[in-house]
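The structure appears below as structure tokens.
Note: hydrogens, waters and symmetry copies are ignored here, and every other heavy atom, side chains too, is used.
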Amino acid sequence: MNWLTKIFSGDHPAASLPEALRGRLERWRVLEAPALDANHGELRYVIVNTEATGLDPANDRLLAVAAIGIDRGVLAHRDAFEMSLDTPAQTLVALLEFIGKSPVVVFNADLNRQALMAAFETHLGFEPDLEWLDLYWLLPCLFNDKHDRPVRLKDWMKTMAVETFQRHRALGDAFAIAKLFLAAQSRATIRGLRTPRSLMELATTRKRQQRAIRS
């Protein structure tokens, strides 16, 4: 009896997962997470992006997910993942296997993270414990000479002269986000922000400050 079987039973989504998928999830669960105080150059980050029927994570449906690894500061084209949600459980398990326990980088977590967490809960029966870094909040902290407030992805791409092979496709936008993250990582390192924890704290502080101003 594995971890999911022990926790969930009856009508819970995890109870109906094929045994092979449960085994893959168990192998993912026991992976060791990297230390958040490790240097960027010692880590693999994973850029994650979604493609959905709309911009409302509560009501719109996920169509595809994509991910790109940045391993020790290197973006390798072969270290990439894209799958449709035609078979949601299979896709989501494969995504977790691709991510491992690496820190996850997204642009606009209010959309991408919420949509993914809802999908994990619906199709696998749990929300995986991952570390998230949102470039939507981080970029204006590091490049306030270009934008001193959060702006859309297309605005950052234009400002930073970042291009991709296909916009509004999960993998295409993930590629653009990956290049923006490399720029952010480089500037952060120059400023002495050399760990994922320091970047996460900076982004979280900026988000809290922005929301305090609005309230």
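Ring-plane geometry between Y136 and F107 is classed as perpendicular, the angle between the planes exceeding 60 degrees on a 0 to 90 degree scale with a lower cut at 30.
Residues satisfying the side-chain hydrogen bond (donor to acceptor under 3.5 Å, both in side chains) test with D86, not counting sequence neighbours, are S84. Not a single side-chain hydrogen bond (donor to acceptor under 3.5 Å, both in side chains) links N49 to another residue, sequence neighbours left out. Not a single salt bridge (charged side-chain N to carboxylate O under 4.0 Å, His left out) links K179 to another residue, sequence neighbours left out. Not a single side-chain hydrogen bond (donor to acceptor under 3.5 Å, both in side chains) links S102 to another residue, sequence neighbours left out.
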Per-pair distances, 0.1 Å, donor-acceptor, side chain in residues 68-80, under 3.5 Å, sequence neighbours excluded:
residue	atom	partner	partner atom	Å
D79	OD1	R44	NH2	3.0
D79	OD2	R44	NE	3.2

Which donor-acceptor pairs under 3.5 Å do the side chains of residues 141-155 make with protein atoms, sequence neighbours left out?
residue	atom	partner	partner atom	Å
D145	OD1	R187	NH1	3.1
H147	NE2	T159	OG1	2.7
D155	OD2	R152	N	3.4

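Of all the heavy atoms in H123 and L92, the pair that sits closest is CB-CD1, 4.0 Å. Taking each heavy atom of D173 and R167 in turn, the nearest pair found is OD1-NE, 3.0 Å.
By the rule that hydrophobic residues join a cluster once side-chain heavy atoms approach within less than 4.5 Å of another member, L182 and F165 end up as members of one cluster.
Atom CG of L55 has 12 or fewer heavy atoms from other residues, nucleotides or ligands within 6.0 Å. The local environment of CD in Q210 is crowded, with over 12 non-hydrogen atoms from other residues, nucleotides or ligands closer than 6.0 Å.
Considering only heavy atoms from C-beta on, F81 comes within 4.5 Å of V65 through its side chain. Contact annotation: the side chain of V104 never approaches that of L133 to less than 4.5 Å [non-hydrogen atoms, C-beta and beyond].
A donor-acceptor contact closer than 3.5 angstrom links the side chains of T50 and N112.
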